[in-house]
Amino acid sequence: IYVISAGDRVLVERELGLAAVARYQVAYLVGALGLTVAGAFNNAWGPIVYGATDERRWTVLAETTAVLYRMAGWIAAGLALAGPLVLAVVAPGSYHPLDLAPVTAIVALSVLPYVAYLSNAHPIFYTRRAWQLAWITPTSAVMNVALNLILLPRIGLKGAAMATVAAYAVQAAFARHITRRITAVPWEPGAASRALVIAAAGVAAGAALPTNPVGLVVRAVLALVCLAGLARDARTSFRPAG
């Protein structure tokens, strides 16, 4: 897990130097705020799923997963768009923070496969098959290292960010494969796809929009739209029954 989340810093230093590690670390931390939020939700998510009745447990998992997908899509898009605005505040000028916008945008996308992984990990843990994660995580870590070795020399820090997203995606795909063999979860059709469309649009815009004054204003407006979408979905999803 550590190699997936932080091992790329070693490879960045090896390929691009210590200054590049510092710049990448700041860009990564801003983009990875979605991972932090998802991890925080997971502390309550597990007890909700495990505490449900046997008849309702996997339905509850499917319903809560759909909610978190919707939220993750808006979070990823908003972070990708607002990344330069946050970087300008938290990073010194010597880091050229506005130039790190594409890196932050790409890393922000990783929250979606992370939610996918967490949702599939719950059946694995509940059925006491956590030992199967013993090959999933190392495999994802090896792939992360391999992609960094390939991409870093060619496209720099953006390559490290892409390797991060790919590692989380592989981890999620393997977990989904195991879950299918354990139980049938009635996942909400299209929940992940809809979230991915929103996130991908925000990430593409976050990576491509300029960081001049006009571009920053456009980014701020679009980020507020994402915040409004997140607030709307959260209000709808967590509204008390009745």
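FYI, side chains are in, hydrogens and waters are out, and symmetry mates aren't considered; it's all heavy atoms of this structure. Each residue takes its place number in the sequence, starting with 1. Please read all numbers here as calculations on a predicted model, not as lab measurements.
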A44 and P47 have their tightest heavy-atom pair at O-CD, 3.3 Å
Rounded to the nearest 0.5 angstrom, the CG-OG1 distance for N144 and T139 is 12.5 Å
Residues which pass side-chain contact (heavy atoms from CB on, under 4.5 Å) with T36, listed by chain and number, not counting sequence neighbours = none
Are side-chain heavy atoms of L133 and I124 found at a separation under 4.5 Å?
-> yes
Note, N120 side chain near F174 side chain (heavy atom, < 4.5 Å) = no
State, yes or no, whether a side-chain contact exists between I136 and I178 at a heavy-atom distance under 4.5 Å.
-> yes
Could you tell me whether the side chain of V12 reaches within less than 4.5 Å of the side chain of L152, counting heavy atoms only?
-> yes
Not counting sequence neighbours, which residues clear side-chain hydrogen bond (donor to acceptor under 3.5 Å, both in side chains) with D8? List them please.
-> Y24, T164
Calculate, to the nearest 0.5 Å, the distance between atoms CG and OH belonging to L33 and Y28 respectively.
-> 11.0 Å
Indicate, with yes or no, if V218 and V86 share a hydrophobic cluster defined by side-chain heavy-atom contacts under 4.5 Å among Ile, Leu, Val, Met, Phe, Trp and Tyr.
-> no
L85, W74: one ILVMFWY side-chain cluster at the under-4.5 Å cut-off?
-> no
Residue list, ring-ring contact (aromatic ring centres under 6.0 Å, His included) with W45, at least two apart or on another chain = H122
Any side chain to side chain donor-acceptor pair (under 3.5 Å) involving residues 209-219? Give me the pairs, sequence neighbours left out, ordered by first then second residue.
-> none
Within 45° cone of Y117 ring axis and under 6.0 Å: R176 NZ or CZ = no
Are L81 and V111 joined in one hydrophobic group, where the rule is that I, L, V, M, F, W and Y side chains link up if heavy atoms are under 4.5 Å apart?
-> no
Listed by chain and number, what are the side-chain contact (heavy atoms from CB on, under 4.5 Å) partners of H177, not counting sequence neighbours?
-> R181
What pairs with L87 under side-chain contact (heavy atoms from CB on, under 4.5 Å), at least two apart in sequence or on another chain?
-> V26, V30, P97, L100, T104
Qualifying salt bridge (Lys or Arg N to Asp or Glu O under 4.0 Å) pairs with a residue from residues 197-214, counting only residues at least two apart or across chains | none
Hydrophobic cluster identity match, V197 and L230, side-chain contacts under 4.5 Å | no
Any sub-3.5 Å donor-acceptor pair from S110's side-chain atoms to V107's backbone N or O?
-> yes
So, R154 side chain and I150 main chain: donor-acceptor pair closer than 3.5 Å or not?
-> yes
So which pairs with a foot in residues 25-34 pass salt bridge (Lys or Arg N to Asp or Glu O under 4.0 Å), sequence neighbours left out?
-> none
Report the distance from atom CG of L35 to atom CG of L118, rounding to the nearest 0.5 Å.
-> 9.0 Å
Joint hydrophobic cluster, L147 plus V142, side-chain heavy atoms closer than 4.5 Å | no
Quick one: are Y126 and Y50 in side-chain contact, heavy atoms under 4.5 Å?
-> yes
What distance do N148 atom CG and M143 atom CE have between them, rounded to the nearest 0.5 Å?
-> 9.5 Å
Quick one: are L151 and M162 in side-chain contact, heavy atoms under 4.5 Å?
-> yes
Considering all heavy atoms of both residues, which atom of A27 and which atom of V103 are nearest to each other, and what is their separation?
-> CB-CG1, 3.8 Å
Residue pair T183, T127: steps toward the side-chain contact (heavy atoms from CB on, under 4.5 Å) verdict | CA-CA 9 Å; T183 187; T127 56; over 6 Å; no
Residues at least two apart in sequence or cross-chain that pass side-chain hydrogen bond (donor to acceptor under 3.5 Å, both in side chains) with Y95, listed by chain then number, are none
Taking all non-hydrogen atoms of both residues, which atom of A101 and which atom of G206 are closest, and how far apart?
-> CB-O, 4.1 Å
If you measure from CD on Q25 to CG on L157, what distance do you get to the nearest 0.5 Å?
-> 11.5 Å
Sequence neighbours left out, what pairs pass salt bridge (Lys or Arg N to Asp or Glu O under 4.0 Å) with at least one residue falling in residues 34-61?
-> D54-R57, R56-E63
Sorted by chain and residue number, the side-chain contact (heavy atoms from CB on, under 4.5 Å) partners of V67 (sequence neighbours excluded) come out as R70, M71, S237, F238
Measure across L109 and A200 and return the closest heavy-atom pair with its distance rounded to 0.1 Å.
-> CD1-N, 4.5 Å
Note, L209 side chain near L222 side chain (heavy atom, < 4.5 Å) = yes
Looking only at non-hydrogen atoms, find the nearest pair between P123 and V185 and report the distance.
-> CG-CG2, 4.4 Å
Of all the heavy-atom pairs spanning L11 and L149, show the shortest one and how long it is.
-> CD2-CD2, 4.0 Å
Any side chain to side chain donor-acceptor pair (under 3.5 Å) pairs touching residues 193-208, not counting sequence neighbours?
-> E188-R194
Side-chain heavy-atom pair Y168, S140 within 4.5 angstrom cut-off | no
